[in-house]
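Down below is the structure, laid out as structure tokens.
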Amino acid sequence: GLLMSPDALLLPLWMAAMYLVMWDLRQPAPRWGVWLGIGVVVGLAGLAKYTAGVFYPLLFAWMLLDRREWLKTPQPWVAGVVSLLMQLPVVIWNMQHAWVGVAHVLWQTDGGGDSRHGGLATLLEFVGGQALVLGPVLLGLLLWCWGTGVWGFRFMAPAMRLLMVMTVPIFVVFAAQTLNAKVQPNWPLLGTLPALVIVVVAITGYWQRLRWVLVAGVVVNALMSLVLHDTFMVRAAGVEFRHKIDPTKDMRGWPELGYMVGLQAARLDNPVILATRYQTVAQLAFHVPQKP
């Protein structure tokens, strides 16, 4: 309920895969049923989004630290093969379409052809985006937990070390990517969502000292949610709020634009409407009369 993301299939599958790994932590050896389940769950996550592919490299890194004996058993490797086989439809489709899906991901990673982004300003924008997605108080607690976790990593229980390995590198990689390109606020959610478990475990021992901080976090998030859904409240309060940074600006004006484009399209036989952004095309396809 905290996060809103287009990765509505990827995120619960990613969490389920991590849960299954933790389920086997107290066992003397990996169990076939659990690891076949991991293979299927990660395979489904890969069908939801390509970034699920980072699950196994991170899991392998954790095994090198905590469960090297598992690497000598067949279960983790078979799980990886199951997940890989489930990606065959994606591979075949890309082969048939000049690898356009992979090319799109690489294009986005490289900045999407937009040279305006990159550097310290983009990094600060990324951090600000995380503060909006999670809330500034929760982000502060999360960064504190990560920092103390890295410092005391070797003293942690295996389950907490798994959470650290599966979350910190993802956030760091995306933060580093901002030095070259813009990173969307939802991209590192694979790292920040399971990291909330770290926060919950960490603050349990500090509840008495942190309870007012947590209450403040809830209040701040509630106010931010209210304002971000109705930015005219800010202007009504006399605060200058530029439309360029208004998160709701893309929600306004489409019916009017659709009507005006429709007037032009009505003058032509079999008109074709083009736009430079697929978001614009989607809105026009909905709002232009007769839907040419």
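The residues of the chain are indexed from 1 along the displayed sequence. Bear in mind the structure is a predicted one, so any value in this text is a computation, not a measurement.
Remark: the backbone N or O of A157 is not paired with any side-chain donor or acceptor of R161 at under 3.5 angstrom. No donor-acceptor distance shorter than 3.5 angstrom exists from the side chain of W70 to the backbone of D66, with no hydrogens or angles considered. A donor-acceptor distance shorter than 3.5 angstrom exists from the side chain of T204 to the backbone of V200, with no hydrogens or angles considered.
For the side-chain contact (heavy atoms from CB on, under 4.5 Å) with I38, the lone residue among L20, V82, V78 that qualifies is L20. Results of the side-chain contact (heavy atoms from CB on, under 4.5 Å) test with L10 over L190, L47, L44 single out L190 as the only residue that passes.
The environment of CE in M260 is sparse: at most 12 heavy-atom neighbours from other residues, nucleotides or ligands sit within 6.0 Å. More than 12 heavy-atom neighbours from other residues, nucleotides or ligands sit within 6.0 angstrom of CZ on F153. At most 12 heavy atoms of other shown residues, nucleotides or ligands fall within 6.0 angstrom of atom CH2 in W23.
Note that CD of Q264 is 11.0 Å distant from OH of Y259, once rounded to the nearest 0.5 Å. Separation of atoms CE (M164) and CD1 (I198) is listed at 5.5 Å; rounding is to 0.5 Å. Expressed to the nearest 0.5 Å, how far CG of L268 lies from CD1 of I273 amounts to 9.5 Å. A distance of 11.0 Å separates CG of L228 from CE of M233, quoted to the nearest 0.5 Å. Of the inter-residue distances, the one linking L162 atom CG with M63 atom CE reads 9.0 Å to the nearest 0.5 angstrom. With rounding to the nearest 0.5 Å, the separation of OG1 in T248 from CZ in F232 is 7.0 Å.
Here the closest heavy-atom approach between residue P188 and residue Q130 is recorded as CG-NE2, 3.5 Å. Nearest heavy-atom pair across W146 and T192 is CH2-CG2, 4.2 Å. Minimum interatomic distance between M18 and P194 (heavy atoms only, all atoms of both residues): SD-CB, 3.8 Å. Pairing each heavy atom of G129 with each of P185, the nearest pair is O-CB, 4.2 Å. Scanning both residues, M166 and L58, for their nearest heavy atoms gives SD-CB, 3.5 Å. Heavy-atom minimum distance, W62 versus R67: CH2-CG, 3.5 Å.
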Inset, instruction - Kindly indicate, with the supporting measurements, whether the criterion side-chain contact (heavy atoms from CB on, under 4.5 Å) is fulfilled by T122 and N180. - result: CA-CA 8 Å; T122 307; N180 179 56; over 6 Å; no
Inset, instruction - Please assess D246 against R235 for the test salt bridge (Lys or Arg N to Asp or Glu O under 4.0 Å), listing each intermediate value before the final yes or no. - result: CA-CA 11 Å; D246 187 341; R235 298 187 179 92; 3.3 Å; yes
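For F126 and F171, the distance between ring centers is under 6.0 angstrom.
For the residue pair T73 / W35, no side-chain donor-acceptor distance below 3.5 Å is found, with atom types taken as modelled.
For the pair R209 and Y206, the NZ or CZ position fails the cation-pi test of under 6.0 Å to the six-membered ring centre and within 45 degrees of the ring normal.
Pairs engaging residues 4-28 under the salt bridge (charged side-chain N to carboxylate O under 4.0 Å, His left out) rule: D7-K49, D24-R31 [sequence neighbours left out].
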